Amino acid sequence: MFLQDGLKTIVFMKALRRVVFCQLIACLICTVAALAIGGSAAAVSSLLGGAVCALPSFLVIFLMYLTRNRAASPLGIFVFEFIKVSLVILGFLSVALFYKELNWLAFILSAGVVLLSHVFALASRE
């Protein structure tokens, strides 16, 4: 029983790491495309849009890894996801308020691509 639960946790964490890796790759691809199309302000906006979505995911994966034996309950996962969504909203607001040269199109497109990249990461099985 314990071995089976441990195996499920390892497979779950591997899938989550793959999601975060795909989000980071999508962020970098969007940044390079924005640099080529719109210049440095668009590239920075794109990088910030991707980072606002990818970094909270990375933080949640890290927290889940640290508390993998204590917080494996549905309530624990709900709390971690609440933290992630709160950080994404806070990141969007912070970038919108403090980065004056924000290219909204690059910012929103990069955030959208990064948020949707988990679909492709979970669809691709090893």
Side-chain angles (χ1 to χ4, degrees):
M1 179 76 170
F2 179 73
L3 182 62
Q4 186 179 13
D5 290 340
L7 186 59
K8 285 181 185 178
T9 302
I10 290 170
V11 170
F12 180 67
M13 293 303 291
K14 187 176 180 181
L16 292 177
R17 284 193 307 264
R18 186 171 57 233
V19 167
V20 171
F21 179 73
C22 283
Q23 285 181 332
L24 293 174
I25 294 298
C27 178
L28 292 176
I29 290 172
C30 287
T31 301
V32 170
L35 179 64
I37 295 170
S40 62
V44 171
S45 298
S46 180
L47 182 65
L48 288 173
V52 159
C53 299
L55 291 179
S57 295
F58 175 75
L59 178 66
V60 166
I61 299 302
F62 184 67
L63 289 174
M64 288 176 83
Y65 176 75
L66 290 177
T67 62
R68 64 186 173 271
N69 293 330
R70 295 180 295 276
S73 67
L75 179 62
I77 293 172
F78 176 77
V79 168
F80 287 139
E81 285 299 315
F82 179 77
I83 291 169
K84 181 174 90 171
V85 170
S86 299
L87 288 174
V88 168
I89 292 170
L90 182 67
F92 273 117
L93 290 175
S94 298
V95 170
L97 289 175
F98 296 117
Y99 186 58
K100 300 300 178 194
E101 298 175 11
L102 185 64
N103 182 330
W104 281 98
L105 182 62
F107 181 71
I108 296 297
L109 283 177
S110 178
V113 168
V114 169
L115 286 174
L116 292 176
S117 67
H118 74 278
V119 173
F120 299 108
L122 292 176
S124 65
R125 304 240 177 194
E126 290 183 356

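Because the structure is predicted, anything quoted here is derived from the model rather than measured. Note that these values count all heavy atoms, side chains included, but never hydrogens, waters or copies made by symmetry.
- Grouping the Ile, Leu, Val, Met, Phe, Trp and Tyr side chains by contacts below 4.5 angstrom, directly or via other members, places Ile37 apart from Leu28.
- No chain of hydrophobic side-chain contacts below 4.5 Å, direct or via other Ile, Leu, Val, Met, Phe, Trp or Tyr residues, connects Leu87 to Val52.
- Residues Thr31 and Leu35 form no side-chain contact, since every pair of their non-hydrogen atoms from C-beta on lies 4.5 Å or further apart.
- Interatomic distance, CD1 of Ile83 versus CG of Leu90, reported as 13.0 Å (0.5 Å rounding).
- The shortest distance between side-chain heavy atoms of Tyr99 and Ser94 does not fall below 4.5 Å.
- Between Glu101 and Ala41, the shortest heavy-atom contact is O-CB, 4.1 Å.
- Here the straight-line distance linking atom CG of Leu115 with atom OG of Ser57 works out to 7.5 Å at 0.5 Å rounding.
- Between Trp104 and Phe107, the ring-plane angle classifies as perpendicular under the 30° and 60° cut-offs.
- The distance from the CZ atom of Phe92 to the CG atom of Leu97 is 13.0 Å, given to the nearest 0.5 Å.
- Note: Leu24 CG to Cys53 SG = 11.5 Å, rounded to the nearest 0.5 Å.
- Atom-to-atom distance recorded for Leu48:CG and Leu55:CG is 10.0 Å, nearest 0.5 angstrom.
- Criterion: ILVMFWY side-chain heavy atoms under 4.5 Å apart, direct or through other members. Under it, Val114 and Ile89 are not part of a common hydrophobic cluster.
- By the rule that hydrophobic residues join a cluster once side-chain heavy atoms approach within less than 4.5 Å of another member, Val20 and Ile25 end up as members of separate clusters.
- In this structure, Arg18 CZ and Cys22 SG are separated by 7.5 Å, a value rounded to the nearest 0.5 Å.
- Between the side chain of Ser46 and the main chain of Cys30, a donor-acceptor pair closer than 3.5 Å is present.
- Residues Ile108 and Leu102 share a hydrophobic cluster, clusters being chains of Ile/Leu/Val/Met/Phe/Trp/Tyr side chains in contact below 4.5 Å.
- Across every non-hydrogen atom of Gly50 and Cys27, the tightest pair is CA-SG, 3.6 Å.
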